[in-house]
Amino acid sequence: MTMSVVGCGYLGAVHAASMASLGHRVVGLDIDANKIRSLESGTAPFFEPGLPELLLRDQENGSLEFSTDFHAAAEADLHFICVGTPQREGEHRANLDYVDAAFASIASVAKEGAVLVGKSTVPVGTAERLSREVAASRPDLTVAWNPEFLREGHAVEDTLRPDRLVYGVADPDAPSRAAELLDAVYASAIEAGTPRLVVNLPTAELVKTAANSFLATKISFVNAMAEMCEVSGANVTQLADAIGHDERIGRKFLNAGIGFGGGCLPKDIRAFSARAGELGAEEALTFLREIDLINMRRRSRAVEAMRQMAGGSLIGVTVGVLGTAFKPFSDDVRDSPALSIAQQLQLQGATVRVTDPEAVENSRRRFPELSYTDSMEAAVSDADIVAVLTEWTEYRSLTPADLEPHVRGRRVFDGRNVLDREAFASAGWTYQGVGR
Ligand code: UGA
């Protein structure tokens, strides 16, 4: 298949490289010339395991190219629109300016009969509106929606081996060119038995926001249980293990901690609520506001826990922060609970020394006032409190003996419940986890 991918950010760069690795001919388009240059040199503008190798290999064998000139997409049968839909400044609604511009640009160059496939996460109703707008100037083109469920840090694997394929088309009951072309694109996944659902356009849009809302709900649910555990003396990890054995509940996404962040879950639940309000169905999603509140409360409670550990004030206290990425295997600090906690500690008078295996540069750009280092030892040097805020593998296995030569005080805040609590407690440390 010959295809273009419009928008070479996280989603687009991964999609373009992964599709080319399946043997398709792909041109990746972006209006940002720096991003295109970086991708051409095989450098992804973000940390994603496996992506740089794919970028280089696909470009060397000629299956992948990048361009800022949309005319490079003129021969493509399919165009995947992968641009961002960030939260609008000062509002909860999604900003659709990039999506609208991408559809308009592609519609002006696409060849006769091409299919425009949206992958961006959009408010329900967007695809039908775009179909009408595209049809006004180019009735020969078709708009379809094919939401993406990739996780940062596993993005290539999730794209090549998705757990389901969802095609949103105008009439799911009739055979369509869009579904036929998408089947050809994903032939290897379909052969491997990946479930494939053909639905109408609003369903496809809702599938994506519903999935992220459900994941956010699971995390906030377990964090609410952590609050109950804290006031009752129960242990949230054991609670999650026990309820997780029930297949209807499942153990995944039930890890209590400092909550969810990143470029998707927080903004998606807010945009979803805002859209419900616009459609007159606000009541249906008022619970998502509570999910958001529970999540944001994790951050202030973590800061409060460390203030208590320090004896009531953070002024003059040194905190060594391990991890600022919103999750491991990522350098993304967008709405990262870890980085937000580090900043709040500093605002309350603590000296905050921060490290992360991949996210130091992005963190520094966001909050330059914190003290950054590339070394774990330097981050915890003379620390009164060590705070593990992102569960990178190297932090999970930390023992009291690893930290003792460097720290000043034997206090550890385990924001992801990953340390060996018994080992710290029996070595004379004050251990504080979340809900245990
Ligand atoms: C999320 C979804 O998981 C993907 O399916 C979706 O495609 C993507 O958003 C998107 O919309 O593009 P991602 O943002 O990469 O993926 O991150 P997750 O792995 O979902 O983690 C989100 C946050 O939840 C992280 O901050 C993580 O630390 C936190 N989390 C996760 C918990 O606090 N507890 C858990 O048990 C699991």
Side-chain angles (χ1 to χ4, degrees), residues 7 9-15 46-49 82-87 94 119-122 146-159 162-166 205-226 236-237 239-241 243-244 249-272 291-292 294-299 302 323-341 356 359 388-392 395-396 414-418 433-435:
Y10 214 102
L11 171 57
V14 172
H15 193 66
F46 43 81
F47 172 72
E48 183 61 45
C82 296
V83 295
T85 51
Q87 194 173 328
K119 283 190 94 62
S120 310
T121 302
V122 291
N146 171 221
E148 183 59 59
F149 307 103
L150 61 80
R151 296 160 299 166
E152 292 188 21
H154 306 269
V156 172
E157 176 66 18
D158 285 351
T159 306
D163 48 17
R164 75 283 209 192
L165 291 163
V166 176
E205 294 165 317
L206 273 181
V207 164
K208 173 65 198 236
T209 32
N212 276 2
S213 300
F214 195 79
L215 294 172
T217 303
K218 272 193 109 172
I219 300 168
S220 278
F221 174 83
V222 80
N223 282 331
M225 291 307 110
V236 76
T237 308
L239 179 144
D241 289 344
I243 64 172
I249 296 173
R251 179 62 178 84
K252 289 183 183 154
F253 268 65
L254 282 185
N255 293 321
I258 56 173
F260 59 81
C264 303
L265 262 46
K267 74 141 172 97
D268 286 355
I269 60 170
R270 292 175 193 151
F272 197 18
I291 299 305
D292 204 356
I294 295 168
N295 191 50
M296 297 314 276
R297 193 154 73 224
R298 294 320 313 160
R299 304 178 185 191
T324 53
F326 86 106
K327 67 173 192 180
F329 307 106
S330 168
D331 64 355
D332 196 343
V333 295
R334 283 176 296 168
D335 208 347
S336 164
L339 189 56
S340 150
I341 288 167
D356 186 283
V388 174
L389 299 185
T390 310
E391 68 278 33
W392 287 95
Y395 304 151
R396 282 173 171 269
D414 182 5
R416 296 291 184 178
N417 286 350
V418 289
V434 176

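Worth saying up front: this structure is predicted, and the values here are computed from it rather than measured. Remember, it's 1-based here, ligands and their atoms both numbered in the order they're listed. Atom set for the values below is all heavy atoms of this structure, side chains included, hydrogens, waters and symmetry mates excluded.
- The shortest contact between atom 30 (N) of ligand 1 and any protein heavy atom is with Ile219 CD1, 3.5 Å.
- The closest approach between Gly257 and ligand 1 stays at or above 4.0 Å for every heavy atom of the residue.
- Here Leu150 contributes atom CG and His15 contributes atom NE2; the two are 9.5 Å apart, rounded to the nearest 0.5 Å.
- Distances between N or O atoms of Leu215 and those of ligand 1 include no value under 3.5 Å.
- Atom CZ of Phe46 has more than 12 heavy atoms from other residues, nucleotides or ligands within 6.0 Å.
- The shortest contact between atom 8 (C) of ligand 1 and any protein heavy atom is with Leu150 O, 3.4 Å.
- Heavy atoms of Asn212 found under 4.0 angstrom from ligand 1 belong exclusively to the side chain.
- Only the backbone of Leu254 comes within 4.0 Å of ligand 1, judged by heavy-atom distances.
- When only interatomic distances are considered, the shortest N/O to N/O separation between Phe326 and ligand 1 falls below 3.5 Å.
- Pro337 pairs in a side chain to side chain contact (heavy atoms under 4.5 Å, CB included) with only one of the listed residues (Asn295, Ile258, Thr324, Thr390), which is Ile258.
- Note: Ile249 CD1 to Phe221 CZ = 7.0 Å, rounded to the nearest 0.5 Å.
- Nearest protein heavy-atom contact of atom 20 (O) of ligand 1 is Phe253 CZ, 3.3 Å.
- Set against the non-hydrogen atoms of Gly259, the atoms of ligand 1 under 4.0 Å away are 26 (O), 33 (O).
- Going from atom CG of Leu265 over to atom NZ of Lys327 covers 9.5 Å, rounded to the nearest 0.5 Å.
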Would you please test Phe260 and Asn223 for side chain to side chain contact (heavy atoms under 4.5 Å, CB included) and show each step? CA-CA 10 Å; Phe260 59 81; Asn223 282 331; over 6 Å; no
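- The part of Leu265 lying near ligand 1 is the side chain, judged by heavy-atom distances below 4.0 Å.
- In this structure, the side chains of Asn212 and Ile269 stay at 4.5 Å or more apart for every pair of heavy atoms.
- Here is the list of ligand 1 atoms found below 4.0 Å of a heavy atom in Phe260: 23 (C), 24 (O), 26 (O), 29 (C).
- Using a cut-off of 4.0 Å between Lys/Arg side-chain N and Asp/Glu carboxylate O, Lys267 and Asp335 are scored as not salt-bridged.
- When only interatomic distances are considered, the shortest N/O to N/O separation between Pro337 and ligand 1 does not fall below 3.5 Å.
- Less than 4.0 angstrom separates some heavy atom of Glu148 from each of these atoms of ligand 1: 7 (O).
- Within ligand 1, counting atoms from 1 as listed, the ones closer than 4.0 Å to a heavy atom of Glu152 are 15 (O).
- Residue Lys327 holds the heavy atom nearest to atom 18 (P) of ligand 1 of all those in Lys327, Arg151, Arg298, Lys218.
- With respect to atom 5 (O) of ligand 1, the closest heavy atom belonging to the protein is Phe149 O, 3.0 Å.
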Full working for side chain to side chain contact (heavy atoms under 4.5 Å, CB included) between Arg298 and Ile341: CA-CA 9 Å; Arg298 294 320 313 160; Ile341 288 167; over 6 Å; no
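- The closest approach between a heavy atom of His154 and any atom of ligand 1 is not below 4.0 Å.
- For the atom pair CZ of Phe253 and OG of Ser220, the computed distance is 12.0 Å after rounding to the nearest 0.5 Å.
- Between Gly262 and ligand 1 there is no heavy-atom distance shorter than 4.0 Å.
- Within the 4.0 Å heavy-atom criterion, the part of Arg416 lying near ligand 1 is the side chain and not the backbone.
- Of the polar atoms of Lys208, at least one N or O is found under 3.5 Å from an N or O of ligand 1, judged by distance alone.
- The structure places CD1 of Ile291 at 10.0 Å from CD1 of Ile219, a figure rounded to the nearest 0.5 Å.
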Could you walk me through whether Glu152 and Phe326 pass the side chain to side chain contact (heavy atoms under 4.5 Å, CB included) test, one step at a time? CA-CA 10 Å; Glu152 292 188 21; Phe326 86 106; 3.2 Å; yes
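- For atom 10 (C) of ligand 1, the nearest non-hydrogen atom of the protein is Cys264 SG, 3.1 Å.
- Here Asn255 has heavy atoms under 4.0 Å from ligand 1 in both its backbone and its side chain.
- To the nearest 0.5 angstrom, Lys218 atom NZ is 10.0 Å from Asn255 atom CG.
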